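I have placed the structure first, in the form of C-alpha cells, so that the comments after it can refer back to it.
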Amino acid sequence: MTRTDPAPYRALGLTEEEFEAIEHRLGREPTHTELAMFSVMWSEHCSYKSSRVHLRNLPTDGPEILVGPGEGAGVIEVAPGIAVAWKIESHNHPSFVEPFNGAATGIGGIVRDILSMGARPIALLDPLRFGPLDDARTRYIVEEVVHGISAYGNSIGVPTVGGEAVFEECYAENPLVNVACLGVIEDRLMHGRAEGPGNAGVLFGSSTGRDGIGGASVLASAEFDETSLEKRPSVQVGDPFSEKLLIEASLELVRRGLVVGFQDLGAGGISCPASEMTSKAGTGMKVWLDRIHLREADMEPFEVMISESQERMLAVVEPDDVEAVLDVCAKWGLEARVVSEVTKSGRLEVLKGDELIADVPAEALAEEGPVYERRFERPSWIDELQVATSGDDPPEDLAGAFLSVLRSPNVSSKRWIWEQYDHMLFLGTVQGPGADAAVIRLPKGDVAVALTTDGNGRYCYLDPYEGARLAVAEAARNVACTGARPVAITNCLNFGNPEKSDVMWQFVEAVRGIGDACSALGTPVTGGNVSFYNETKGRAIYPTPIIGMLGILERPSASVGLGFRSEGDVIMTAGATSPDDLGGSEYAKVVNGVVAGKPPGLDLDAERALIGFLQEGAASGLLHSAHDPSLGGLVIAIAESGLASDLGFELEASFDHRILFSESPSRAVVTCAPEREVELEGLAERHGVPLARTGLVGGDRFDFGSFSVAKTEATDVFENALPERLAASMSL
Amino acid sequence: MRYAAVVDVMPKEGIADPQGQTIEKALPALGYGGVAEIRVGKRIELQLEAAGPDEARERVLEMCERLLANPVIEVYEVTIR
C-alpha cells in the first residue's frame, strides 16, 4: 500500500487525518491487516469519537453501582450479595438492511454483553421505532423485526418482558431497533481483562466466516443512501442455538473458576477483545491466525481479524486450566481453540505462520482512538418551531378525538407484538408487557427489579434538553408506578449525522438533559450506547435518546399494576395538570396534525416528590393501581387502567381537551379503596404531591364527564388498531 | 402457455448457514467422516401461465426478488421448462 493510493483506508471508513495519526503512532505505514483493525476500532461505533467528550459529564457513581460505563455492561447491587447486569444497545442499521437477521443478531449481541460480566441473561426489552404503517415496506420491516426478536429471544430461552413501539414519519427509512438486557450474576463478577502474561487466549463458539466484515465501520458509522443495499454482505446471520450453548458453557467456566476474564466478539471482531482486554490489564497478546477455526478456508488475514461472525467469545485461561476449558466447550458442543497468548509487550501481535502481519500497541487500538470536539450550534429552525402553534385547537367532538388518539398505533395495544415473544419464562415475571414497567422477581432472594425503556423523539425534536430530561423522568416514574425505587439507567442515544452542527447540538443538549435529570433523581448512568448516522438520504431521525431505567422492589408481592382493581375504588390524580402541555403531544399530532411548540414543562422536584409518594403508597398497600399519563394524557391513562382489567369508570368533573389530553409530566392516575381515601390524601400531603379526587371505578362505560364511550367500543379500538393496520400487508 | 419453473435458493457465499453447520457437526457423530462445506438451500417448484419462456422467467425472477428468496442473504437460480 502506498500513500498515493488513498482508496483502501477511505473504503474502510477512515479519514486522511486518521490515517496519518495511525502512521504517526506506528512510526511507519500500517499493513493492510493493521489498517483494517484500526478502521473498526477507531470507528464511531467502537471508539465513541464524537460523543466521548460529552458523555464524560454524565453522573456515574451511586451506592448501588458496582460497575459503571466502559465494561460490557453496568452492574448494580440490588440486595446484599445479589447483583445484576443491565445494558442497552442499538442494532438500527443492520435491521434496516436485513430486518429479520439485524434484529435477531441485535439480541445476540446484547445477551453476550451481559454474559461477558458473568451474568445469566434473564430478561429482554425492545424499544422500537418505525415509520407509519400505511407503507408496505414499513409493515414488512415491522413484521420481520418482531419475528427476528422472537425467533432469537425465544430460542435462547430469555423472555422479552417489555419495550415500546412508536410509529413516526422520521423513522420510515431509518427504523430504530434498540435492545436492553438484564442478567443476574450467578457466581462472580467477571471483568474483560487479559491478566497474567503466559496465559492462553481461548476462542470458543461459532466458526469465523466472512459475515459482517467491517460492520462497525461500514454499516454503523455512515449514513444511508442509494448504495446501501450493495453493502449487503456486511449482514450477519444469527444462530440462537449456538448462543444458548455459549451461555451455558460460559457460565460453567465462571462457576468452576476456569477463566481469568472473557469478552464477547461483537463489532470489530476479535480485534476488539484482543486489544481492549489487554489494554485494560496493561498486557499484550500474540494471536496465531492459523489456529482460528474458519468457516471458509480462503479468508484473508484482515478478514479473520475483523470478521463479525456471531456467537463467539475470547477467554483468558491459565495454562493449567486449558484442558478443562476445552473439555467444557466440547461438552456443550462448541468449537474451542487456543488462538493466542497473553504477553508483557503491551502490543497486539498477529502472526500468520511465522510471518508477523500486524504489530501494534494494544492501547493505540483500544484507547487512543481519535476524539472529536465536533462543532455544534443551535439551529435557527428550532426557534421557529418552538413559537409555532402547538396544535392545541379543540376537536370537533371529544369522544371522536379520544377514539382517534386511542386508535393511534403509538397508544393502542401492542399485544400483536408481545404475543409473539415468550414473556413468562422462568416464572419470574411479576408484571410483563403492557405494564408501566416490567417487574421481574430475581432467582436468588425475595427481591424484584422493575425495568422500563422510554424516550419521546417528538419532545426531543422540539427541545432536545427538555426532551431528554422528560425521558429520564418518565422512565423513573414508570418504575415508581410499580412501587419500585429508581436506581440506575442505561441509555441508547440514537441521533443523525454528528458531522452536522445541528445534529451535534441536539446530541450535546440531550446528554446535558440526561445528566441533569439523572443527578436530580439520583439515578446514575451505568453505560449504554451511541448510535449516530441515523439518516437516510440526508434526512435525520428525531433525536431519540432511549432511557432504560432499573428500579429495585424490595418486596415483589407489593408490586402495583396499572389496571383498576375493583368496582367502587376511588380514582385520584396525583400531580398537577397544565393546560399548556400539548406541544409535541399525541393529541396535537393525531387530531391536528401538528408537531410544534414546546414540550411539556418538567419540574424535577415535583417528579421526585411523586416518585416518593408512589413508592410509599405501594409499600403501605394503599394503592390499588398506579399508571402515569404520558402519550394521550389523562384520558388515555384512565382508559388504559380500565382496559387492563376490563372495568369501566365514571369521572366526577368535566374537563376540556386541554386538560384531558395534556401530557404534563410528574402525574399518576391512582386508585385506592374508598375507606382509605383520607389516608392516601395524608400520604400525598406529606410528600407535597397535589392529589385530586377524579372519579370512581365501575360500570360498563368509560364516562369522562364531558363525554362517554362504551367500554366494549374502547376495548375493540384499543385491541384491534395495530393488527388491523398490519393486516393490510397480508395482501402483498 | 403453461410453464414449469424450478427455483433453487442457496445462502450467499460467505453468509453464515446455521443449518449447514449443524449438519456438518452431526454427520461425524453418525460415523460419516470427511464431509465438509455443507450448505443447505431450498428448491421451489411452480407452474405459471406466460406468453413465452422469456416472460415466464421474467415473472419468476420478480417473484424471487419479492418473496421466494431473500436477496440480502440468498442467491437463486431459475430454470424454466
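Everything numeric in this text was worked out from a predicted model, so none of it was measured. Just so we're on the same page: letters track the sequence lines, and every chain starts at 1.
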Pairwise side-chain contact, N70(B) with E98(A), heavy-atom cut-off 4.5 Å (strictly under): yes
What pairs with D8(B) under salt bridge (charged side-chain N to carboxylate O under 4.0 Å, His left out), at least two apart in sequence or on another chain? none
Whether over 12 other heavy atoms sit under 6.0 Å from H293(A) NE2: yes
Provide the closest heavy-atom pair for G238(A) versus P18(B) in the form atom of the first, atom of the second, distance. O-CG, 3.8 Å
If you count the non-hydrogen atoms of other residues, nucleotides and ligands that lie under 6.0 Å from CD in E37(B), is the total more than 12? no
Report the residues that fulfil salt bridge (charged side-chain N to carboxylate O under 4.0 Å, His left out) with E144(A), sequence neighbours left out, ordered by chain and then residue number. none
Could you work out, with salt bridge (charged side-chain N to carboxylate O under 4.0 Å, His left out) as the rule, every residue matching K42(B), not counting sequence neighbours? none
For V237(A) against I15(B), the heavy-atom pair lying closest together: CG2-CG2, 3.7 Å
I need the Q19(B) CD to F241(A) CZ distance, nearest 0.5 Å. 10.5 Å
Determine whether more than 12 heavy atoms belonging to other residues, nucleotides or ligands lie under 6.0 Å from atom CD of E296(A). yes
Only heavy atoms, only distances under 4.5 angstrom. Which residues in residues 21-28 of chain B are near chain A? Q21(B), K25(B)
